[in-house]
Amino acid sequence: MADVVFLGAVWMHVESADRRRPFRKLVSLAKSGGLILFSLRRGPDDGRGFHPVSVNEIEELGSHHGVVVARVRQIKA
């Protein structure tokens, strides 16, 4: 089990309808009290298969697995 699980520009490539199982797997990789970090590229699909992601969706997935969104930070490029 890991203290930190980091997804760098990955989650938005998973279709919303298919995210429940991979989220459960991520939770199983993190130690109790550990962090799961998401780095998301938001915006229109540029041909690489982007799917919309929202904080609310991640919060909902987390609530099913006993985890909470502790911090959201948006960086504008």
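Because the structure is a prediction, the values reported are computed rather than measured.
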Which residues satisfy the salt bridge (Lys or Arg N to Asp or Glu O under 4.0 Å) test with D3, sequence neighbours excluded? K31
Taking the side chain as C-beta and beyond, is there a heavy-atom pair between L26 and W11 under 4.5 Å? yes
Considering residues at least two apart in sequence or located in another chain, which fulfil the ring pair (Phe, Tyr, Trp, His ring centres under 6.0 Å) criterion with H13? F50
How many angstroms lie between OG in S63 and CD1 in I58, if you round to the nearest 0.5 Å? 12.5 Å
Is any side-chain heavy atom of V67 closer than 4.5 Å to a side-chain heavy atom of L61? no
Can you confirm whether H51 sits close enough to E15 that some side-chain heavy atom of one is under 4.5 Å from a side-chain heavy atom of the other? yes
Who pairs with H65 by ring pair (Phe, Tyr, Trp, His ring centres under 6.0 Å), at least two apart in sequence or on another chain? F23
Would you compute the distance between atom CD1 of I36 and atom CG of L29 and round it to the nearest 0.5 angstrom? 8.0 Å
Does the side chain of N56 come within less than 4.5 Å of E60's, by heavy atoms? no
Is there a path of hydrophobic side-chain contacts, each under 4.5 Å between heavy atoms of I/L/V/M/F/W/Y residues, joining L7 to M12? yes
Listed by chain and number, what are the salt bridge (Lys or Arg N to Asp or Glu O under 4.0 Å) partners of E57, not counting sequence neighbours? R19
Rest of the hydrophobic cluster containing L35 (Ile/Leu/Val/Met/Phe/Trp/Tyr, side-chain heavy atoms under 4.5 Å)? V4, F6, L37
The criterion is salt bridge (Lys or Arg N to Asp or Glu O under 4.0 Å); which residues satisfy it with R48, sequence neighbours excluded? D46
hydrophobic_cluster_shared for M1 and V5, side chain cutoff 4.5 Å: no
